[in-house]
Amino acid sequence: MLDLKFIRENPELVKRGIINKNEPDRVDELLELDKQRRSLITQTEELKAKKNSVSKEVGKLKKEGKDTSSIIAEMKIISDKTKEIDTELHQIDEKLNDILYYIPNLPHESVPVGKTEEENVEVRQWLPEGFSFEQNDTEILDHVELGKKLNILDFERGAKISGSGFPLYIGKGATLERALINFMLDTHIRNHGYVEVLPPFLVNRASLIGTGQIPKLEDDIYFIEKDGLYPIPTAEVPITNMYRDEILDEEKLPLNYTGFSSCFRREAGSYGKESKGFLRVHQFNKVEMVKFVKPENSYDELENIVNDAENILKALQIPYRILLLCSGDLSFSAAKCYDIETWSPAENKWLEASSCSNFEDFQGRRTNIRFRNKKTKKLNFVHTLNGSGLATSRLMVSLLENYQTPEGKVIVPKVLQKYTSFEIID
RNA sequence: GGAGAGGUGGGAGAGUGGCUUAAUCCACUGGUUUGCUAAACCAGCGUACCUUUAACGGGUACCGGGGGUUCGAAUCCCCCCCUCUCCGCCA
């Protein structure tokens, strides 16, 4: 969330950011409530100050055995009045917070203004040596066909077990998936300076509010009503919330964590759209990177996190491109975001496999994660970042399709072979 | 699922309605003393919010969370959450 004081002092700036992000502008409504709130606070606090000092007096008088009944009667009135104001204040607070939690993070100044994904900017492209977008004569099988032919993916049985969008990996497919996860984790741990975590996959509501999925994306998240728990849509949620309500040691920043999790998304209302095979699923696997950093470093760290994800794709020799998202395509909590898309020859298009974002202090404020600034001795909110490093589902599409042979077999990328202990899927 | 014990500042820990402005100890910060370090002594030490305080400031709230009783609540009452111990069940 944004700092209420900041909104109060920069209403036009905030409105512009909200509009550029295609979110509803409720700033005026918010500021009106803020005005009412502050007026009520002043009133109630004056009454409380009086009440406190008189009550102290009552204690003394009683000890001296003096009559206090008239003072107590007077205080009773003040006490009741205070309760009245507090009730009103409470209602206003609730309304105000409702709006405040719905106000998105503002786009960073380096983010291009735009309405839709069409206005995202391609920053760079990386292609393995000898790669060509031109298709040769042999027919390219898509990942669903390959999965079926090689008996490594079974979307029909996945649907039988759970419903559509719940992939079932079999045999070498399952092994390849596991190899991919292990390879990515090991790379981040050994080469990129991350500490591995294996977080809970069910979280409470406060965690989802903290990272910003709730309230806006609530419909996209599964909910286990019986226990009040939510299956995580991304490991970002549990990992970022590790330090909720904590004060971190400035010297230990930046803290870099990487973790595997399965991710669960309802994808409500998106049926029929690009839903073949892995393209849109309710459950997928992902290795996530999360950073807690000092504010002055967060934009450098954003570049780092993108590089860390890119290194995985370079090692796997999979063609990819980096997009800088325009303001309108940015997620609710993000100030700046790069998407990484990998190439699918069968679909003949780019597929989003990673998203790397700087949230600045938006999540830090919601989760109340701070550090003590040694220089100013003040508490400051940390900046948080995260990036997929990467999601295996879309990556698997590109991997299977790019590594298929003319006979419809799949060669295992070199860096994964020591994890799979086989070199080809046939 | 059943029974019990707990949750107090950065940490330990006292506090059963008004001498509490949350004691005390540790940690931390500054100072005095001092070949150096240590010790000792002195002082300081929270967060959030409100407030045109010129400035030093003033005020309110906060003892797991939320309600309630009362002139006055860390303390009494109700609901919830979490942790621990034992029993049951269980991969």
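In what follows, chains carry the letters A, B, and so on, assigned in the order in which the sequence lines appear, proteins first and then strands, with residues in each chain numbered from 1.
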From the set [options], return the single nucleotide nearest to any side-chain atom of [X].
X: A:S79; options: B:A48, B:C71, B:C50; result: B:C71
X: A:S55; options: B:G18, B:C50, B:U47; result: B:G18
X: A:T42; options: B:A48, B:C71, B:C50; result: B:C50

### Message
Do A:N373 and A:K378 pair up side chain to side chain, a donor and an acceptor below 3.5 Å, judged on atom types alone?
### Response
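Checked: A:N373/A:K378 side chains show no N/O donor-acceptor pair below 3.5 Å.
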### Query
Does any donor atom in the side chain of A:Q363 or A:T384 lie under 3.5 Å from an acceptor atom in the other side chain?
yes
May I ask you to check whether [X] and [Y] place their ring centers less than 6.0 Å from one another?
X: A:Y230; Y: A:F264; value: no
X: A:F362; Y: A:H383; value: no
X: A:F155; Y: A:F278; value: yes

Assigned partner base of [N], Watson-Crick or wobble definition, under 3.5 Å:
N: B:U52; value: none
N: B:C90; value: none
N: B:U33; value: none
N: B:G72; value: none
N: B:A3; value: B:U85
N: B:A39; value: none
N: B:U47; value: B:A61
N: B:A12; value: B:U24

Measure from the side-chain N and O atoms of [X] to the backbone N and O of [Y], and report whether any donor-acceptor pair falls under 3.5 Å.
X: A:S162; Y: A:F166; result: no
X: A:T420; Y: A:F422; result: yes
X: A:D249; Y: A:E251; result: yes

What contact category does [X] fall into here, base, sugar-phosphate, or nothing, at under 4.0 angstrom with non-hydrogen atoms?
X: A:R372; result: sugar-phosphate
X: A:R365; result: nothing
X: A:L379; result: sugar-phosphate

### Task
Tell me whether the guanidinium CZ or amine NZ of A:K336 lies under 6.0 angstrom from the six-membered ring centre of A:Y299 and within 45° of its axis.
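No - A:K336 does not lie over the ring of A:Y299 by the 6.0 Å and 45° rule.
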### Message
With a cut-off of less than 4.0 Å, is there a side-chain N or O of A:R38 near OP1 or OP2 of B:U51?
### Response
yes
May I have the distance from [X] (atom [atom1]) to [N] (atom [atom2]), rounded to whole angstrom?
X: A:D245; N: B:G9; atom1: CG; atom2: P; value: 14 Å
X: A:D3; N: B:A48; atom1: CG; atom2: P; value: 11 Å
X: A:N97; N: B:C49; atom1: CG; atom2: C1'; value: 13 Å
X: A:I247; N: B:G46; atom1: CD1; atom2: P; value: 13 Å
X: A:R205; N: B:C81; atom1: CZ; atom2: C1'; value: 16 Å
X: A:M75; N: B:G72; atom1: CE; atom2: C1'; value: 11 Å
X: A:R366; N: B:A48; atom1: CZ; atom2: P; value: 19 Å
X: A:N373; N: B:C28; atom1: CG; atom2: P; value: 20 Å

#### Entry: Members of residues 80-96 of chain A that approach RNA chain B, where some heavy atom sits under 4.0 Å away
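Residues of residues 80-96 of chain A that come under 4.0 Å of RNA chain B are, in numerical order, A:K83, A:H90.
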### Query
How long is the span from the CG atom in A:N386 to the OG1 atom in A:T234, to the nearest 0.5 Å?
6.0 Å
### Query
Are A:R280 and A:R265 side-chain neighbours, meaning at least one heavy-atom pair lies under 4.5 Å?
no
### Query
Between B:G9 and B:C28, how far is it from one C1' atom to the other, in whole Å?
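My reading of the C1' atoms in B:G9 and B:C28 gives 13 Å.
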### Query
Closer to the 5' end of RNA chain B via nearest nucleotide, is it A:R370 or A:A73?
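Its nucleotide being nearer the 5' end, the pick is A:R370.
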## Note on the structure
For nucleotides 56-65 of chain B, 5' to 3', base contacts (B), sugar-phosphate-only contacts (S) and non-contacts (-) with protein non-hydrogen atoms under 4.0 Å give ---BBS----
